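Presented below is the structure to which this report refers.
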Amino acid sequence: MLWMTGMPLIAEKSLAAKPFLKWAGGKGQLIHEIDKRLPKDEICSGRIDTYVEPFVGGGAIFFHIACQYPEIKQFYLFDINPDLVACYNAIKRNIEALISELKPLEAMFKRKRLTRKDFYYKIRKQFNGDRDPAKLIFLNKTCFNGLYRVNRSGHFNVPFGDYKNPKICNEENLRAVSEVLTRADIICADFEQIEQYVDANAFIYLDPPYRPISPTASFTSYSKNDFNEQDQLRLAKFCRRIRSKGAKFLLSNSDPKNEDPADHFFEVQYKDFTIETVGATRQINCKPSGRGQINELLITNY
């Protein structure tokens, strides 16, 4: 791989790789807290050499670990969102073709200042027909709050964001992301399908769609099927199966006690594991007063 050839400029680009999409629930603000809790002795000794992430989303933790821990040799990234997985694979396999399509979209958008909204909805309509990865990046950078939301028909339906000067095509970061992704297999599948890649040499980071912390918090669907309470229960059972294989995992989720101090869902479902509370900022809410400091949970089996 290029960053191992002693070429410092390329190494710097690889280390600079960051999420290329905005993503609801992205873990950029919790990287420090999660890094503190990684099983570093086993990673740095080489005993853990595989990283598995079944809800990759924006990939903040993946990019951090891939750049900071070269001892991990293989990465398996999963998501049930086919548009997201197609975008990751397009960046991995043919980054120059994607950039060559994305740059004109950025140029046309910025030339049409008085009709940007119309241009956005034109591209949104096209995307709902062709599911083109470059158009997904364009929509993500120009839609309201950088959300990904689809209706029951699978149509992307997030409204226009009206940003003054969005950075749509960050060529340097996209190329750095492509380089890092050469080490990863990226698969569209339900989280339970990762089990075949899990053994005692694996570390799994799980960041599922959060259990809503209020009756109005479930504002978005990342696929045509919501991640509901039964899926949360299914995930808790799956974590026990991971433990039986000897693998290490870290899971993040919302703390229901932000809204209901009597909600003991996680204490009950993850009673055999270590549960810690960390502070975070709720970034997305339709009302500014609904944003602010909240608690999140980090759950480990080590």
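Please read all numbers here as calculations on a predicted model, not as lab measurements.
- To the nearest 0.5 Å, atoms CG (N253) and CZ (F265) are separated by 8.0 Å.
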Evaluate the criterion side chain to side chain contact (heavy atoms under 4.5 Å, CB included) for residue pair F238 and R240; output intermediate values, then yes/no. CA-CA 5 Å; F238 180 71; R240 292 192 281 276; over 6 Å; no
Please output the side-chain donor-acceptor pairs of residues 43-66 that fall under 3.5 Å, not counting sequence neighbours, one pair per line with the distance.
{"unit_1": "S45", "atom_1": "OG", "unit_2": "D41", "atom_2": "O", "d": "3.1"}
{"unit_1": "S45", "atom_1": "OG", "unit_2": "E42", "atom_2": "O", "d": "3.2"}
{"unit_1": "S45", "atom_1": "OG", "unit_2": "R47", "atom_2": "N", "d": "3.4"}
{"unit_1": "R47", "atom_1": "NE", "unit_2": "E42", "atom_2": "OE2", "d": "2.9"}
{"unit_1": "R47", "atom_1": "NH1", "unit_2": "A200", "atom_2": "O", "d": "2.9"}
{"unit_1": "R47", "atom_1": "NH2", "unit_2": "E42", "atom_2": "OE2", "d": "2.4"}
{"unit_1": "Y51", "atom_1": "OH", "unit_2": "E53", "atom_2": "OE1", "d": "2.6"}
{"unit_1": "H64", "atom_1": "NE2", "unit_2": "D35", "atom_2": "OD1", "d": "2.9"}

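- Here the closest non-hydrogen pair linking H155 and R131 is CA-NH1, 4.3 Å.
- Distance CD1/I137 to CG/N170: 10.5 Å, rounded to 0.5 Å.
- In this structure, the side chains of F109 and L105 stay at 4.5 Å or more apart for every pair of heavy atoms.
- By the 4.5 Å heavy-atom criterion applied to side chains, L84 and W23 are counted as neighbours.
- The two residues G279 and L30 come nearest to each other via the heavy atoms O-CD2, 3.6 Å.
- The line from OG of S254 to CG of N295 is 11.0 Å long, rounded to the nearest 0.5 Å.
- Looking at heavy atoms from C-beta onward, Y148 lies in side-chain contact with D83 at the 4.5 angstrom threshold.
- No more than 12 heavy-atom neighbours from other residues, nucleotides or ligands sit within 6.0 angstrom of NZ on K237.
- Atom CD1 of I194 sits about 9.5 Å away from atom CD of E192, to the nearest 0.5 Å.
- A donor-acceptor distance shorter than 3.5 angstrom exists from the side chain of N140 to the backbone of G146, with no hydrogens or angles considered.
- Ion pair R175/E179 not flagged as a salt bridge, since none of the NZ, NE, NH1 or NH2 atoms sits closer than 4.0 Å to an Asp/Glu carboxylate oxygen.
- Side-chain atoms of T277 and E296, non-hydrogen and from C-beta on, never get closer than 4.5 Å to each other.
- No donor-acceptor pair under 3.5 Å is formed between the side chain of D79 and the backbone N or O of V85.
- Using the six-membered ring where Trp is involved, Y270 and F273 have ring planes that are tilted, between 30° and 60° apart.
- Annotation: side chain of L298 is in contact with side chain of R37 (closest heavy-atom distance under 4.5 Å).
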As a quick check of understanding, evaluate salt bridge (charged side-chain N to carboxylate O under 4.0 Å, His left out) for K117 and D162, giving each step before the final call. CA-CA 7 Å; K117 186 175 181 180; D162 199 21; over 6 Å; no
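- Side chain to side chain, N165 and K110 meet the donor-acceptor criterion of an N or O pair below 3.5 Å.
- Side-chain atoms of L206 and F191, non-hydrogen and from C-beta on, never get closer than 4.5 Å to each other.
- Residues Y163 and C143 share a closest heavy-atom pair of CE1-O, 3.1 Å.
- Proximity of L174 to V177: side-chain heavy atoms (C-beta onward) are nowhere separated by under 4.5 Å.
- Counting non-hydrogen atoms of other residues, nucleotides and ligands closer than 6.0 Å to NZ of K125 gives a total of 12 or fewer.
- Interatomic distance, L98 CG to S100 OG, rounded to the nearest 0.5 Å: 7.5 Å.
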Could you walk me through whether E101 and D132 satisfy the side chain to side chain contact (heavy atoms under 4.5 Å, CB included) test, starting with their C-alpha distance in whole Å, then the side-chain angles of each, then the deciding distance to 0.1 Å, before giving a yes or no? CA-CA 10 Å; E101 185 178 352; D132 180 75; 2.6 Å; yes
Under the side chain to side chain contact (heavy atoms under 4.5 Å, CB included) criterion, do E33 and E276 qualify, and how do the steps go? CA-CA 10 Å; E33 292 292 342; E276 297 180 84; over 6 Å; no
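- The shortest side-chain heavy-atom distance between R234 and D190 falls under the 4.5 Å cut-off.
- One distance of note links CD1 of I99 with CD of E106; it measures 11.0 Å at 0.5 Å rounding.
- Panel note: side chain R124, backbone V158; a donor-acceptor pair is recorded below 3.5 Å.
- N151 places no side-chain N or O within donor-acceptor distance of the main-chain N or O of N157, the cut-off being under 3.5 Å.
- For the pair R243 and F249, the cation-pi criterion (under 6.0 Å, within 45° of the ring axis) is not fulfilled.
- Nearest heavy atom pair, residue P159 against residue R149, reads CD-NH2, 3.7 Å.
- Using a 30° and 60° split on the angle between ring planes, Y88 and F20 fall in the perpendicular class, above 60°.
- Cation-pi geometry between K103 and F138 is not satisfied (NZ or CZ under 6.0 Å from the ring centre, within 45° of the ring normal).
- Screening D255, D263, D231 against R211 for a salt bridge (Lys or Arg N to Asp or Glu O under 4.0 Å) leaves a single residue, D263.
- Closest heavy-atom contact between A184 and K92: O-NZ, 2.5 Å.
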Check step by step if side chain to side chain contact (heavy atoms under 4.5 Å, CB included) holds for N81 and C188. CA-CA 7 Å; N81 182 330; C188 186; over 6 Å; no
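- With hydrogens and angles ignored, the 3.5 Å screen pairs a side-chain donor or acceptor of N173 with a backbone N or O of K18.
- For T142 against Y120, the heavy-atom pair with the smallest separation is OG1-CD1, 3.3 Å.
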